[in-house]
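First the structure, in the form of structure tokens, and then the observations on it.
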Amino acid sequence: MKALDGIKILDFTHVQSGPTCTQLLGWFGADVIKVERPGVGDATRKQLVDKPGSDSLYFTMLNHNKRSLTLNTKTEEGKEVLERLIKECDVMVENFAPGALDRMGFTWERIQELNPRMIMASVKGFGPGPYEDCKVYENVAQCAGGAASTTGFRDGPPLVTGAQIGDSGTGLHLCLGIMTALFQRERSGRGQKVLAPMQDSVLNLCRVKLRDQQRLDAGPLKEYSQFGEGIEFGAATPRAGNDSGGGQPGRILKCKGWETDPDAYTYFITQAAVWKNICDVIDKPEWKEDEDYATPNARLTRLNEIFDTIEAWTMTKDKFEVMDICNPLNIPVGPILSMKELAEEPALRDTGTIVEVDHPERGKYLTVGCPVKLSDSEVDVTRSPLLGEHSAEILAMLGYGESDIQSMREAGAI
Ligand code: COA
């Protein structure tokens, strides 16, 4: 048995944010019916194609454990099928541009008429307000949600991060909202609308930066490197380079081989509780008692000197040796792992976080499996569907016969 056995998802999502959410629902056991435009499908099927003729990795890696139904919801036949789907399903998930569903004729009021238990979950770029009608992609959300202004180095431009916090991050938020609405429906018997705006989701992930914005009123942010460098703070939370976001100063430091390997680095945290161990490791035992270094406060104005000294040590070791030496001493460090290293990491394969999947068009490829582990609901990652692969079986489930399906095909509705 899977956690969401029996729950049917009308998956009207495309690109990345919505599909991340419905993929999770599929992994938790829901029946996810992905509705796609006939002949076209989700735009990502044919984006960043590495193997001509086959669905892209962009699509396959975001659409596991789903069934595909092609449906032109702008035709009369298509609208009728969609109505049946709405009556049949528990949750409808969509991330169209604002207003697209209304233009299709499926307002929230209409959906409730068809199925009062329906949970309608949407990703939009922005919530209600001046930008609510805007289309939004990942990096726009990172910029509008506060991530870009606080990422990068102080003397450089704002930076976006490789972690897809706007798309996949919002998909996670939406998934949480759906689960909560399903739980409430158990008691209320009613569905509801769930909205996860990308700007809000990114801001939620940048919570500590809004914390720092308010702390600025009380003076400089002492754990930021620029404090130790004597550089004044401006009106807004600045970019902090690789400074740690918490109260324990940390940096990315070079390791052996950094001259030729772009990932020969480690993150090193000078956690106060293990300061004495750090002093021993870097051969600075005198810093244990020296009042200029012995306390976290004293160290704040000397972080550059301290991290330069630690780096002189880390540069003599490779990033894994740093970990092997520091971990037994409780010093928190972490190697900078490349995608290549992660793809080859046996422990991630063992836990199902990196999974090899076989696909009829492209053969074997790697994907990131379900990152959340439920002890009583195991995840089997199954390949993404081909466009319209399950149209006939889904239409049959909705009560259509062979001849109906044939005439829909001829009318271009599926
Ligand atoms: N049958 C018929 N028409 C369909 C259809 C189907 N099965 N599926 C989609 N369409 C139509 C829509 O109704 C819409 O038509 P309309 O503009 O006439 O109303 C049209 O296809 C395009 O949809 P849209 O969502 O506007 O796609 P887009 O490619 O122009 O924009 C985004 C893409 C991502 C920018 C936009 O969808 C968006 O801003 N989404 C919300 C935020 C979001 O999720 N962004 C992150 C994506 S990873």
Side-chain angles (χ1 to χ4, degrees), residues 10-24 33-48 56 58-59 61-63 66-86 92-107 110-111 120-129 131-145 147 160 163-175 177 193-202 385 387-388 390-391 394-395 408-409 411-414:
L10 199 179
D11 179 9
F12 233 155
T13 67
H14 64 159
V15 201
Q16 186 182 157
S17 62
T20 328
C21 167
T22 52
Q23 179 168 259
L24 278 167
I33 300 170
K34 184 166 174 106
V35 178
E36 299 180 81
R37 249 183 303 183
V40 184
D42 188 322
T44 59
R45 282 189 186 268
K46 298 300 165 219
Q47 269 174 21
L48 312 178
S56 69
Y58 196 8
F59 178 82
M61 290 178 71
L62 285 161
N63 289 284
K66 302 182 184 179
R67 300 197 280 165
S68 168
L69 163 71
T70 47
L71 195 66
N72 184 343
T73 54
K74 287 187 175 162
T75 63
E76 278 319 303
E77 298 88 337
K79 283 188 204 299
E80 209 230 52
V81 174
L82 189 55
E83 284 190 5
R84 285 202 200 183
L85 272 171
I86 290 171
M92 174 168 174
V93 193
E94 63 93 20
N95 67 313
F96 289 127
L101 214 51
D102 293 354
R103 289 193 289 280
M104 228 180 253
F106 290 89
T107 59
R110 178 77 188 120
I111 291 166
M120 200 192 91
S122 304
V123 168
K124 294 288 167 260
F126 294 92
Y131 306 119
E132 64 188 323
D133 293 330
C134 297
K135 284 187 178 180
V136 169
Y137 281 107
E138 170 70 47
N139 287 347
V140 176
Q142 288 197 25
C143 294
V160 294
Q164 305 286 283
I165 56 176
D167 281 340
S168 291
T170 307
L172 284 167
H173 283 86
L174 190 72
C175 190
K193 271 204 286 188
V194 178
L195 173 67
M198 295 168 79
Q199 180 185 43
D200 306 40
S201 301
V202 171
L387 181 61
H390 306 95
S391 293
I394 293 165
L395 291 168
M408 278 190 232
R409 217 164 246 137
I414 59 168

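When a ligand or atom number is given, it counts from 1 through the structure's own listing order.
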Give the atoms of ligand 1, by number and element, whose distance to some non-hydrogen atom of Gln16 is under 4.0 Å. 48 (S)

Within ligand 1, which atoms have a heavy atom of Val15 less than 4.0 Å away? 47 (C), 48 (S)

Going by distance alone, is a donor N or O of one side chain under 3.5 Å from an acceptor N or O of the other, for Glu94 and Ser122? yes

Would you say the side chains of Gln16 and Gln164 form a donor-acceptor pair under 3.5 Å? yes

Verify, without hydrogens or angle tests, whether His390 (side chain) and Ser68 (backbone) share a donor-acceptor contact under 3.5 angstrom. yes

Which of the numbered atoms in ligand 1 are under 4.0 angstrom from any heavy atom belonging to Asn72? 1 (N), 2 (C)

Atom 9 (C) of ligand 1 [closest protein heavy-atom partner, distance rounded to 0.1 Å]: Phe96 CE2, 3.3 Å

In ligand 1, the atoms that come under 4.0 Å of a heavy atom of His14 are 25 (O), 27 (O), 33 (C), 37 (O)

Identity of the nearest option to atom 26 (O) of ligand 1, non-hydrogen atoms only, from Ala413, Ser17, Gly41, Ala97: Ala97

Quick check: Leu71 and ligand 1, any N/O pair under 3.5 Å apart? yes

Between the CG atom in Leu10 and the CZ atom in Arg84, the distance rounded to the nearest 0.5 Å is 14.0 Å

So with a 6.0 Å cut-off around OH of Tyr131, is the heavy-atom count from everything else above 12? no

May I ask which of Val136, Asp167, Asp102 has a heavy atom nearer to atom 45 (N) of ligand 1 than the others do? Val136

When you compare the side chains of Lys66 and Thr22, does any donor N or O come within less than 3.5 Å of an acceptor on the partner? yes

Between Lys135 and ligand 1, does any nitrogen or oxygen pair lie at a separation below 3.5 Å? yes

Backbone N or O of His14 within a donor-acceptor pair of the Asn95 side chain at under 3.5 Å? yes

If we ignore hydrogens and angles and just use 3.5 Å, is the side chain of Gln142 paired with the main-chain N or O of Ala147 as donor and acceptor? no

Ranking Glu94, Arg37, Glu138 by closest non-hydrogen atom to atom 5 (C) of ligand 1, top hit is Arg37

Short list, please: which atoms of ligand 1 are under 4.0 Å from a heavy atom of Val123? 41 (C), 44 (O)

Is any N or O atom of Ala100, backbone or side chain, closer than 3.5 Å to an N or O atom of ligand 1? no

Atom 19 (O) of ligand 1: which protein heavy atom is closest, and how many Å away? Arg103 NE, 2.8 Å

For ligand 1 and Thr73, I'd like to know whether there is a polar contact (N/O to N/O, distance under 3.5 Å). yes

Can you tell which of Lys34, Arg37, Gln47 makes a side-chain hydrogen bond (donor to acceptor under 3.5 Å, both in side chains) with Asp42? Lys34

Give me the nearest non-hydrogen protein atom to atom 40 (N) of ligand 1 as residue plus atom name, then the distance to 0.1 Å. Asn95 O, 2.9 Å

For atom 33 (C) of ligand 1, what's the nearest protein heavy-atom neighbour? Residue, atom name and distance, please. Tyr137 OH, 3.5 Å

Measure from the side-chain N and O atoms of Gln23 to the backbone N and O of Asn63, and report whether any donor-acceptor pair falls under 3.5 Å. yes

Heavy-atom proximity to atom 16 (P) of ligand 1, best of Lys124, Met104, Lys79, Lys74: Lys74

Do Thr170 and Ser17 pair up side chain to side chain, a donor and an acceptor below 3.5 Å, judged on atom types alone? no

